[in-house]
Amino acid sequence: MIFQKKEYTNMQKLFYINIRLILWLCLLFAFACVGCKRSQEQPRMAVIVSTLNNPWFVVLGETAAEKARELGYEATIFDSQNNTSKEAEHFENVIAAGYNAILFNPTDADGSISNVLRAKKANIPVFCMDREINDKDAATSQILSDSYGGCVKIGEYFVRNLNEKGKYVEILGLVGDNNTWNRSYGFHSVVDVFPELEMVAQQTADFDRNKAMDVMESILQANPDIDAVFCGNDAMAMGAYQALLAAGKSGSVQVYGFDGARDVIQSIAEGKIMATGMQYPKLMAKKSAEMAHRYLQGNRDFDARIPVAVDLVTQENVEKFQAFGKANDNE
Amino acid sequence: MNNAIKYSLWVVICAIVIYFSIDMKPLDDQLSLSDSAKFNPQQYANHYWHNELPNDTMLAVDLAALQNAVQQQNLHKISKKVGISDYVYTFLKANGDVSAINDEYIFCETGNNTVLKIKTKYIFDSNVRNASRQIDIGEFKTIIDYNLVSKEINELIRVSLLSEINKQNLFGKKISVVGAIQIHDTTSILKNIVITPVSIELFP
């Protein structure tokens, strides 16, 4: 049997090429339609969190993403690692990828404004969670813990426990975060009224447990006779407690934190830490996701700032609470 | 020669452009300018205390209206909630007899099984700010400003009101008090009401 090579005319070649081209175009169109359908069916929310190096923020980010998924969105968590430029990269990527909304926990009250404004320009609503940015019009809404009010409560408890006199230390969080100052101002709005309470040292430890331990160790060398330490978050309270434990002073120096983290709630129950301010990260995360959902459904009526009340957790009432919430909060 | 003139001319033009593009002033002047743009919580609180507070106290509810609202579960109609909270705030006006005085409170018997505990020492809460219909969180650039207003109002209560009162002289006397209260939004009975006072007067 003899096979004869088929000869194609130029016209035939052109026809085959065109057929191939049309098939490719159909394939591309089909992919585009699938993508289009996918984006119509499942819009996306980005959850940009200042750091995932602190369990409190892990709970905040994961709860926000979970709630977004529950509401029918595809949700992705981005970790800014407490770095504003890293955060800027995330915003660029999120805007370029066409996310529908951003649930945002900022790294810096001033430094994060430009990122939020960029998203706003791209018509992407931004809902700040827990941490504030210093612009009341940039974000669609900001759901923030009432850090000031919470620390007023801690301050009153602190003053009563020390019988209105003694030496104390304050360990601050990140200086660029408004929560650091709201907590400090709230605490000082109380303790500064009592002249026999003397602050012997005030240093920052960036909300970091290890840094707080180092800071506390060096403060103790210069001030071995302190009565109490107030920390701007629970991670630092645990770090300070470790330093006091190592120095053999954990029984004589009272430690106060702020957050409602698992290890501090446990430590309060065990009588190691005096008190903390219970913030509600799950509540804030869920509300933010719900508000973003409402926005995407057409609602535009949002308060610029929504403070969330903070409760005082002490050794007397700790059984009413669990990590990151109330004991009866099973959600 | 031509090049020298040409380059000199460019240098002069560049110098003029740079000179008129840069505005130099002492750093202290610039800092004081930005300071003046900053929010002044003391000034705000003073203005509120002298000009706006009467508008709030005018709307203060009496004990009967408060009790009624609690029983009818209508607290939201006579109070204000700030953000997400289990508490509501309102201004309350009441009369009663001073039955006891301690370091922290004046106890006032109102005659209908309710004791008013008037704060006289630990004035640190934000009850007045939160109960106010004149102070709106939305008007502040940052939440720090909003909080500092509360601190300054409390300072005014301590300085302008409580420092002027001789507590011991009030014992056994009938007084009239107006102040801000915080109530749990599921409260069903009012027995002890803690009040942050903005006005305490001898009942005429």
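Each chain gets a letter, A, B and so on, in the order its sequence line appears, and its residues count up from 1. Keep in mind that the numbers below use all heavy atoms, side chains included, and drop hydrogens, waters and symmetry copies.
Using a 4.5 Å heavy-atom threshold, the side chains of Ile84(B) and Pro307(A) count as separate. For the pair Asn147(B) and Tyr185(A), the minimum side-chain heavy-atom distance is 4.5 Å or more. At a threshold of 4.5 Å between non-hydrogen side-chain atoms, the residues Ile143(B) and Asn178(A) do not count as touching. Counting heavy atoms from C-beta on, the side chains of Lys326(A) and Asp86(B) come closer than 4.5 Å.
With values rounded to the nearest 0.5 angstrom, Ile306(A) atom CD1 is found 13.0 Å from Ser85(B) atom OG. How far NZ of Lys136(A) is from OG1 of Thr142(B): 10.5 Å, rounded to the nearest 0.5 Å. With rounding to the nearest 0.5 angstrom, the CG atom of Leu144(A) is 12.0 Å from the OH atom of Tyr146(B). Rounded to the nearest 0.5 Å, atoms CD1 (Ile123(B)) and OG (Ser189(A)) are 12.0 Å apart. To the nearest 0.5 angstrom, Asp146(A) atom CG is 6.5 Å from Ser126(B) atom OG.
Lys153(A) does not touch chain B: none of its heavy atoms, backbone or side chain, sits under 4.5 Å away. Looking at Glu156(A), both its backbone and its side chain come within 4.5 Å of chain B, counting heavy atoms on both sides. Neither the backbone nor the side chain of Glu152(B) comes within less than 4.5 Å of any heavy atom of chain A. Proximity to chain B (any heavy atom under 4.5 Å) is restricted, for Val152(A), to the side chain, taken from C-beta onward. In this structure, no portion of Asp303(A) lies under 4.5 Å from any heavy atom of chain B. Residue Val193(A) touches chain B through its side chain alone, counting heavy-atom pairs closer than 4.5 Å. Using a 4.5 Å cut-off between heavy atoms, Lys81(B) does not touch chain A at all.
The 12-atom threshold is not exceeded at CD of Gln42(B), counting heavy atoms of other residues, nucleotides or ligands nearer than 6.0 Å. Dense packing is recorded around CD of Glu316(A), with more than 12 heavy atoms of other residues, nucleotides or ligands lying under 6.0 Å away. Atom CD of Glu319(A) has more than 12 heavy atoms from other residues, nucleotides or ligands within 6.0 Å. Counting heavy-atom neighbours within 6.0 Å of Asn166(B) CG, excluding the residue itself, gives a total above 12.
We find that Lys141(B) and Asp137(A) are not joined by a salt bridge, their nearest charged nitrogen and carboxylate oxygen being 4.0 Å or further apart.
In this structure, Phe124(B) has its ring center at least 6.0 angstrom away from the ring center of Tyr148(A).
Cation-pi geometry between Arg160(A) and Tyr122(B) is met: the NZ or CZ atom falls under 6.0 Å from the ring centre, inside 45° of the normal.
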